[in-house]
Each structure stands twice: as structure tokens, then as C-alpha cells.
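Presented below is the structure to which this report refers.
Worth knowing before you read on, the calculation uses all heavy atoms, side chains too, and leaves out hydrogens, waters and symmetry mates. Letters go in sequence order (proteins before strands), and every chain restarts at 1.
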Number of protein chains: 2
Amino acid sequence: MTGDGVAEKQVTEKSTGRARGIDRVIALMEHLHDRRAPTRIADIARDTGTPRSTMYELVNTLVEARWLELRDGDGTVYFGPAMHYYGSDYLDSVDLIRKARVEVAHIAETVGETAQFCTLDGDKYLVVLNEPGRRMFRISSEIGIKVPIPWTASGRLLVDHMDADEIRRFIPSDDFTLPDGRRIAEDEFLEDMRRARTQGYVRTTALVDRFTTCLAAPVRDPAGRCIATICFVVPADTTEEAQQVMIDTLKASAERLSPGR
Amino acid sequence: MTGDGVAEKQVTEKSTGRARGIDRVIALMEHLHDRRAPTRIADIARDTGTPRSTMYELVNTLVEARWLELRDGDGTVYFGPAMHYYGSDYLDSVDLIRKARVEVAHIAETVGETAQFCTLDGDKYLVVLNEPGRRMFRISSEIGIKVPIPWTASGRLLVDHMDADEIRRFIPSDDFTLPDGRRIAEDEFLEDMRRARTQGYVRTTALVDRFTTCLAAPVRDPAGRCIATICFVVPADTTEEAQQVMIDTLKASAERLSPGR
DNA sequence: GACCGACGTCCGATATTTCGGACAAACGGT
DNA sequence: ACCGTTTGTCCGAAATATCGGACGTCGGTC
């Protein structure tokens, strides 16, 4: 079984059960992205609230278009190569992301640790680019997965421009509770932000993962607003000197990425 | 105008003009991928043979799902972030590609030239991964674009396992004609293949581009069949010593990527 | 060897989505 | 200021894609 506590979600039905094929397909793709694993067609149908016969029909169409691929010989499907092609076209079409790819690849290679490029999506934090370092202990990608802002180092930079009130209104209260149940005090979060702004970087340790430290530097627009971050994800026992090198590296990269300067 | 000689293609109508939304969406995405540029909705509708009102309806749905994005303030659309997320999921789910990403990134960084990972799709050659080198003279990605096999260095490795007859049947005759009109003699192609097999790499110069040299090494399955290639794209005037270093680098990477050994 | 559940396909009916065309607004050239 | 072109929205009609359910297979279990 692949069941590993993934949040299942029914597609929101309206009056009747009937829906457009395209809406079914969107639900299907989102479901695969949430699970992040090849999934059997019948399971997708059940979990998205799509009739089985409809799902088979759509999957056949999508497999033919290479949007999906049949996997493993068992009846599971997952994303196909067409998604990679379209995704690459997207990356190349966004100026900041195209430049960030170069930076992230470069610092991940030279420093040898996992580097990421992150931004906000609504009131959530999002990894846009992820380049595994040499040790590569994180296997499955986190790209496109939404995470509460307070769980991350970068989050403390990305809401940089807001005051305490705005932040309270912007970040859902539940998001201050970590996966292990601990709660981040608001004052603490605000203090992290303040320090980050003066120092030009953030460091957090053992936030979502007990043995991980995150280092992040802000990419700012001409108005000084933090529009993205570039960061390292390293073991918590990394030496202070090594971390200082990484911080300098991040600051330099973030500076190069900051548009209009 | 963005018109730059892109092959337009009508969607193949059957009896009536009516088609499923999902088929129209597939045509839409393929069209954007072919053009590789933000495109106005009315133009997409015309070029894919989709009614204008239908296309507006679909685009709205897709923009909401982040599959597409409105660009530039003018009425153009292009791929959205969701495609990148799904594409990343695909890359991570395919073992060989995940490993190839590491290799390609590494050799592109250390050597400083553009490195690629390529394979076949039907009877065409395809770039799957592309890591720009430091000089980065090629701007727009070629990822997912099909190219005739004889136009490429890698192509000479990828049909490695066929004899002269099989190749004649496999590669469309037109594909031996280069973009500038020159024609590659079949003997010449076969001779390139033979040399490649003994040497363990291919070098081609001035094939599709007068000033470019390609160096490629084969990734082979346990049966010895070439299932992919890893290659460098460099200026034709690169010194022979530098090229030898690259060839050794490619061979080592290709060896590491060859499964089951 | 009989039973059970899951898989994948097929088919007819109808609720719905696609389509064509009309319309107003915005644009741009003269 | 005029007029031709393009953009985006809206609407009713009908062609058809979605849906539910039935059916044959396959594989595992008791």
C-alpha cells in the first residue's frame, strides 16, 4: 500500500454529479501531485469523486497525449513526459526563475548542499526550485507543495514588509503550529523577522525536522520588498564556519537575483 | 508579431466541428509548446481550429487552475506554474532521469559548457534535460522538441543496435536532409555509427548549426543497447585538448548512468 | 473449486457542454 | 472624429460526452 497519511479530498460536487472532462482532469492531476506517487485508476476515481468509467476514459486520452504514463505494469498511472516539457517552457519563460536556476545550480554544486528557490503562493510558502546537494538525503521533491509560512526560514523573509497586525491577518493561526504539535509564539516569529531584516539572512534549526538547519537570503524587488528567497537546507550539526560561507554565498546570489539594481 | 516560421497545424476535425474540451486543451498545450512563446487567445483558437468562444472558456478554466498564465498585460497566455510542479514530479519519478539530472548539472558546472541528456521518441531525437553552461548562448530551451535523428551526434548512438536495413526503414528519408538543404549520405551516417561504437563517443561539427560541435556518449542498458545519451554542445573552435577532457567526462558520466552494472 | 473483490470495457440515455453568432467595448490608423 | 479590426462576454440550441450499471476476466483466499 502507498497509503501514507496523504490528505484525501473529494472534488466539490455541485447540484448533480456531472462535471466537465476538463474539471475532472484538473482534479486528477492535483490528486497525483498531492499523493506524489503512481496511483491506481480506481483509487483516483474514488478519491476525486469521479465515476470509474469516466476516469478510465480520461486516463486513456491523457496517456495517449503523454500527459500521463502507465507505471510498473500494475494498473498505476503517474505524470508523463509532456508535463516536463510544458514545465520547462514555463521555467524558461519567467525571467527571475530562469536566472534563479543558474544560481541555485551553481551554489548547490559548489557548496555541495541542497539549495532551493522559494516564494509565496497565497498565504503559503512554496519551493519553486530544488537542487539536491551531493549528500542528497531528501529523495522526493517538495516542488510545488504548499507549506505554512512559520514552518520555514524563508517565510520570515517573505512577509518582511508586513507589520504585526497584517501578519496576524495574513497567516492562518493554525499555521503557527508545527507538525510535531509545538506552537511558535508570535513574538518569537516577529523577533526572527526583525533580526532577519537587519542581518540580511535567516537561520532556523529543528523547525519542521529536528536535525535540519535552514539558511535563507532575500531576493528583493526595486522597492525593497522580498519577492523570493534562495536558501540552503543542511544538517543541523554543520560547523559554524561552513554556515558562514553558505550565508555569504546566499547573500551574493540573492543580490544578483534582485531585479532592477 | 511573433511569427517565426513555426509550423501551424489544424486540429484534425472529424465529421462535425464539435470536440471534447479535453481534446481542445491538449491541442492548445501542444500549440503553445510548438510556438514556445506567449500567444494571444484568438490566435490559438484560429491555429488549433477551436471556436473562439470555446477557447476563451477553456483558457479561463486553465488560468484558474494555474495551468496557464496571462502574460504581459496584453491578451497573451502561456504555461503556468502547475505545469512546472507536475513536470518536476515526473522527473523525480523516473529513476534514470533523476540520476541524469545530477550528472548533467555536475558536468555542466565543472566544464562550464552546455550539457544535455537525450533520448528517442518514436523515430525522432529529443532533448530531455538541458543545463546551460556559463556562456549560455542558447537562450530558449529545446526541451521536448523533436529533431530528426541524423541531425544530431546522439542520434548516431541511439540507433546503434540497428543494421543498415533497419535504419533505412526506421528513419524517414526526409530526415537525412539538414535544415540548410544539404543531405547526409547514408554511408556517411553508417560510418559515423561504426566509428562511434568502437570509440565509445561521437563528435559532429556544423550539422544543424555551422559553428557548433556536439560531443555525445552512450548510456546503455544491461543488454548493451543505447537507451539515452549525455552530451556537450560547444563552439566549433573549442581546442582539441578541451574536447578530449569533455569526452572523458561524458564517458564517465554515461558509464555511471548505465543501469545494471 | 467455489467465492469474492478488483479491474477494465462496453453501451444506451440524457444532462450538459460546445458552438455559432451577436454585441459592446477597446483599439488604432488615417 | 471616423471607421475597420480585434477583444472579450453572453445566450440559446443541439450534438454529444459523461455517467451508471452491467458484464466478462483475472487472481487471490478459504
Using whole Å, what does the distance between atom P of nucleotide C/dT16 and atom CD1 of A/Ile22 come to? 18 Å

Does C/dT18 have its OP1 or OP2 closer than 4.0 Å to a side-chain nitrogen or oxygen of A/Arg20? yes

For atom CG of B/Asp74 and atom P of C/dA26, their distance in whole Å: 17 Å

Can you list the residues that meet the salt bridge (charged side-chain N to carboxylate O under 4.0 Å, His left out) rule with A/Asp180, with sequence neighbours excluded? A/Arg182

Hey, does the side chain of B/Arg18 come within less than 4.0 Å of D/dA17's phosphate (OP1/OP2), counting only N and O? no

Test of understanding: with side-chain hydrogen bond (donor to acceptor under 3.5 Å, both in side chains), list the residues that count as partners of B/Ser53, not counting sequence neighbours. none

Going by the rule side-chain contact (heavy atoms from CB on, under 4.5 Å), which residues pair with A/Asp123 if we only count those two or more places apart in sequence or in a different chain? A/Phe170, A/Pro172

Per the end-axis method with five pairs at each terminus, what is the bend angle of the helix from C/dG1-D/dC30 to C/dT30-D/dA1, to 10°? 40°

Name the orientation class of the two ring planes belonging to B/Tyr86 and A/His33 (parallel below 30°, tilted from 30 to 60°, perpendicular beyond 60°). perpendicular

With sequence neighbours left out, the residues meeting side-chain hydrogen bond (donor to acceptor under 3.5 Å, both in side chains) with A/Ser253 are A/Glu103, A/Arg256

Under the side-chain hydrogen bond (donor to acceptor under 3.5 Å, both in side chains) test, which residues partner A/Asp174, sequence neighbours left out? none

May I ask you to list the residues of residues 52-70 of chain A, by number, that have any heavy atom positioned under 4.0 Å from an atom of DNA chain C? A/Arg52, A/Ser53, A/Tyr56

Can you pull the salt bridge (charged side-chain N to carboxylate O under 4.0 Å, His left out) pairs that have at least one residue in residues 71-90 of chain B, sequence neighbours excluded? B/Glu69-B/Arg71

List for me each residue that meets side-chain contact (heavy atoms from CB on, under 4.5 Å) alongside A/Leu126, sequence neighbours excluded, and say none if there are none. A/Asp121, A/Lys146, B/Tyr85

